[in-house]
Amino acid sequence: MPEVSRRTLIQAAALTGAASALTATSAQADALSISADGITLVAEADGSIVVRDGAGADRLRIAHFMIKDSVLGQQRTFGGTPSLITVDGRPALQVVYKMSASASAVTVRGTFTVAARRASLRWEVGGSATLTPSGYMFSRTLIGNTAPETYVPATVWTKDARGGVPYEINAGSLYRETWAGTSACFRLASSNPAFTNASWIHAPAGADGATQVELVVGDMRPGAANAVATAAPLGVDVWSEQPFGLYDPGATMSINAQVVNGGPAAKPVTLTWWARDFNGTVLGTGRLGKTLGPGEAWQETFAVRGCPQGIVFTEVKATSGDEEAFARTNLATLRPYAYDSDGKFGIANYTWLLVPDKKQVGKLMQKIGVKWVRIAYGGAPGIPPAELDALGIRHNVQLGGVIFNGTAEQIAAWADDRARIVRQSGATYFEVANELNQPWMSGQKAAEYVRDGLKPIHDRLKGSGIKLMNCGLGGMDYRWTANFHAAGGWDLIDVFAFHPGRGNFTADYAPPPEEWEQGSNGSYWNFLGALRKARQTIDEYGGDKELWLTEAYACTRPNHWWNDTHRQAAENTLLQLALCLSEGVDGVNWYQPHDSTIHHPQEADPKNPEYHFGLLNRDTSAKPVLLALATATRHLEGATFKRWLTFADPELKGLLFDTPRGKLAILWSRKDGYILNRDHGADQWYPHPEAWVDHWPTKTSLSLKTSGPAVREIDCIGQERTITASGRRVEITLDGAPRLYYGLEL
């Protein structure tokens, strides 16, 4: 049993205190103020609001409000008149703002109240029938801040009453400000950070037409600050100080937890926590209690002894009577490994979410064996080409925007621009557009794509040394490919690229193409069958084309029967990459580094499958699939496929490789079939089991010859064990999960 310890962190003095005491001061006309525990608002003569922390230090100035109007355009306030009022019997500040002459009919009024460590900021706009409330903004000036403002999507963990695994949902937008020893968060129900700048925060109005912003002051984590801002009964935030929660083998791993009382009165709070590994073993658990005042935060650190390689799932829960809040994160260990300079595996989407920073993301890509990035060019999100070169990671470009049926001038301008970007990027390959074969298997626009997209690019890059890929196809669309070939496209490419999507099927499910069913839940979205059809197509059309999977994935959308559980995703990832080598694939780009979407970074989106393709969770902690990819890159690097293995029992499967480390066998069973989550109902919902739950009921013992005194067995996330041979034979147990073996005589 791993060693478990706990240490209590010193709680920041600014977070202690009893129930809020509201005060108001009007010593002079230009110095109106209201206070509560940990916060003071001062209204200056020009209508600016100065925010002070519990120590009396000035931290922020909120001066202006900006409206948007379909007729008047954007209009801002120019000062205002403050006054002291009451709201629901509490002291409050009010500012009646002044507008420019061109918007004199518009009225803007601000109302500001305080509670423990929190200010409520409300702006009401009237006087125009053509207002555009989605475009409102307010100004803020930081005083003595020690770090730039950061945008943090607020999320909370929840559970479906029907069961299944917990998941995160969106709970607002936070702008976090930082000073030495303290911080603050502006909280809005929604905000687009792309519209926010150094002067203005995007602050759209709600359904009532007013903009409501909560400001929480104190050394709190985003999850805790959001709970205080929304007056949630309890809030929990968990995190690891280690980037990606990823530790060296054997190191002590730590989970930090902050619990906050977001309610208006003191209450007793019980904190419980647990940690489990991939096998379900409980590595640590505990129970603590404390009374928290309103707005008060409580921080603890729990430590778990690490292992040579593996993943630890953790949860921290706070309860008080019937009130409850919880949060989860993962910790992981990964052995060091010295990769060769060459490799077939990479990342499909941009490495664009540079959290915690670009340097750490680059190190992670090196650590898991990423040798290619699909999209990198000057001005693209993520790590620039020159920096990828320094990391030893090669890079390509995928860009689209093909102008179908455009004028000659439009098409030429588009092609000139794309060719310029690709040349300047130093790309090895250019994938011309993405998934233009929609609707799937309709064969539409193949000829137009060749005429208006591929050929203009081919003509401009001929002789450049840059290899061309067709637009990566969504699924193995052999009808579109036939039309593409007939239009002359096949002779223009060096690489055939496609994306073998996969539904609730094991990676080695391979129905023949004539049996593929269409639709969002159709068997068209299978992996091995699509891969074999792609290989057949290349062999049939000729030309010695390379075969690339420019997107491959294992979607972990929670509690949907069509998608993998976290355990299934890890198992399928290892097998998918092995099957790629068995079919002679030249390159595989995994989609994608993080659970997120590029237009809404780190926002929770539980229903969107595009969000759940990452190797990392939304909080950037490792998913089991990250360890699975690292396991595949390490053991399949430099491997040569020899043959499929056959056994007396046809439901036992295997692949054999020659590797620099010796003969490698990957073995598994299909006694439980190729269909995952097959007991699902009519709707999409399906209660996923937790990642540590073994979902393969049938176990099969198999006696095999060995080439030495022992066999190494490695599971999908890289956990190893040694099986000692008896008389040069070992007994192994197979189920639906693929495992790697060194030392078998096959």
Side-chain angles (χ1 to χ4, degrees), residues 2 240 242-251 253 255 275-281 283 304-314 328-339 343 345-347 351 360-361 363-371 507 552-556 564-578 580 588 590-595 612-637 664 666 668 690-695 712-721 737-741:
S240 170
Q242 189 72 9
F244 317 111
L246 196 60
Y247 291 79
D248 292 332
M253 301 183 289
I255 173 178
R276 289 180 172 87
D277 68 12
F278 196 66
N279 306 312
T281 303
L283 305 181
V304 180
R305 180 68 65 187
C307 58
Q309 182 157 320
I311 194 160
V312 177
F313 309 99
T314 71
R328 290 186 169 191
T329 195
N330 294 344
L331 309 173
T333 53
L334 184 61
R335 290 183 180 89
Y337 186 83
Y339 291 94
F345 303 137
I347 289 294
T351 50
Q360 292 296 341
V361 172
K363 284 183 176 180
L364 178 66
M365 296 300 107
Q366 290 179 308
K367 187 174 289 189
I368 63 175
V370 168
K371 290 299 181 182
Y553 58 79
C555 180
T556 56
D564 288 352
T565 68
H566 282 280
R567 193 178 194 90
Q568 291 166 347
E571 295 168 353
N572 280 311
T573 294
L574 176 62
L575 188 52
Q576 283 173 225
L577 293 175
C580 285
V588 184
W590 201 258
Y591 189 93
Q592 61 180 343
H594 310 88
D595 270 6
H612 296 282
F613 290 125
L615 300 171
L616 302 167
N617 290 305
R618 186 207 62 82
D619 71 347
T620 75
S621 64
K623 294 165 66 173
V625 70
L626 180 131
L627 297 184
L629 186 135
T631 300
T633 59
R634 294 166 181 213
H635 293 281
L636 296 174
E637 181 181 67
L664 169 65
I666 303 179
W668 68 96
E690 297 281 10
W692 55 84
V693 175
D694 180 1
H695 59 104
R712 287 172 64 201
E713 179 187 74
I714 304 158
D715 72 3
C716 64
I717 65 166
Q719 297 182 125
E720 294 194 21
R721 72 180 183 120
R739 295 177 179 85
L740 288 68
Y741 295 91

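Two residues are said to be in side-chain contact when any heavy atoms from C-beta on lie closer than 4.5 Å; Glu720 and Gln309 fail this criterion. Taking the side chain as every heavy atom from C-beta outward, Asp564 and Val625 never approach each other to under 4.5 Å. Looking at Leu740 and Leu574, their side chains come closer than 4.5 Å, going by heavy atoms from C-beta outward. Residues Gln576 and Trp590 form a side-chain contact, since some pair of their non-hydrogen atoms from C-beta on lies under 4.5 Å apart.
Among Lys371, Glu637, Arg634, Gln366, the single residue meeting the side chain to side chain donor-acceptor pair (under 3.5 Å) criterion with Tyr339 is Arg634.
Interatomic distance, CZ of Phe278 versus SG of Cys716, reported as 4.0 Å (0.5 Å rounding). In this structure, Met253 CE and Leu246 CG are separated by 10.0 Å, a value rounded to the nearest 0.5 Å. Distance OG1/Thr631 to CD1/Ile368: 11.0 Å, rounded to 0.5 Å. Atom-to-atom distance recorded for Gln360:CD and Gln242:CD is 8.0 Å, nearest 0.5 angstrom. The CG atom of Asn330 sits 13.0 Å away from the CZ atom of Arg276 when rounded to the nearest 0.5 Å. Once rounded to the nearest 0.5 Å, the distance linking CH2 of Trp692 with OG1 of Thr565 reads 11.5 Å.
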(request) Could you check Leu664 against Leu636 for side chain to side chain contact (heavy atoms under 4.5 Å, CB included), going step by step and ending with a plain yes or no? (result) CA-CA 9 Å; Leu664 169 65; Leu636 296 174; 4.1 Å; yes
(message) Working note: Val370 + Thr351, criterion side chain to side chain contact (heavy atoms under 4.5 Å, CB included); need CA distance, chi angles, decisive distance, verdict.
(response) CA-CA 11 Å; Val370 168; Thr351 50; over 6 Å; no
(request) Please step through side chain to side chain contact (heavy atoms under 4.5 Å, CB included) for the pair Leu615 and Ile347, ending with a clear verdict. (result) CA-CA 10 Å; Leu615 300 171; Ile347 289 294; 3.8 Å; yes
(message) Walk me through whether Asn617 and Thr329 qualify under side chain to side chain contact (heavy atoms under 4.5 Å, CB included).
(response) CA-CA 8 Å; Asn617 290 305; Thr329 195; over 6 Å; no
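Considering all non-hydrogen atoms of both residues, Thr333 and Cys307 come closest at OG1-O, 3.1 Å. Shortest non-hydrogen contact noted between His612 and Lys623 is O-NZ, 3.5 Å. Ile714 and Gly718 get closest at one heavy-atom pair: CG2-CA, 3.7 Å. Scanning all heavy atoms of the two residues, the minimum distance from Ala691 to His566 falls at CB-CB, 3.8 Å. Closest of all the heavy-atom pairs between Ala552 and Val588 is CB-CG1, 4.0 Å. Considering all non-hydrogen atoms of both residues, Ile717 and Gly310 come closest at CD1-CA, 4.1 Å.
With hydrogens and angles disregarded, no donor-acceptor distance shorter than 3.5 Å links the side chain of Thr573 to the backbone of Leu629. The closest donor-acceptor contact from the side chain of Asp595 to the backbone of Gly614 lies under 3.5 Å. Using a distance-only test at 3.5 Å, with no hydrogens or angles considered, no donor-acceptor pair links the side chain of Arg721 to the main chain of Asp715. In terms of modelled atom types and a separation under 3.5 Å, the side chain of Asp277 and the main chain of Asn279 share a donor-acceptor contact.
Scored by the side-chain contact (heavy atoms from CB on, under 4.5 Å) test, Pro249 finds Arg335, Pro336 as partners (sequence neighbours excluded).
Using modelled atom types, one finds a donor on one side chain and an acceptor on the other under 3.5 Å when comparing Tyr247 with Ser240. Residues Asp619 and Ser621 bring a donor and an acceptor atom of their side chains to less than 3.5 Å of each other.
With Phe313 as the aromatic partner, Arg328 does not meet the cation-pi criteria of under 6.0 angstrom to the ring centre and within 45 degrees of the ring axis.
The aromatic rings of Tyr553 and Phe613 lie tilted to each other, with the angle between the two planes from 30° to 60°.
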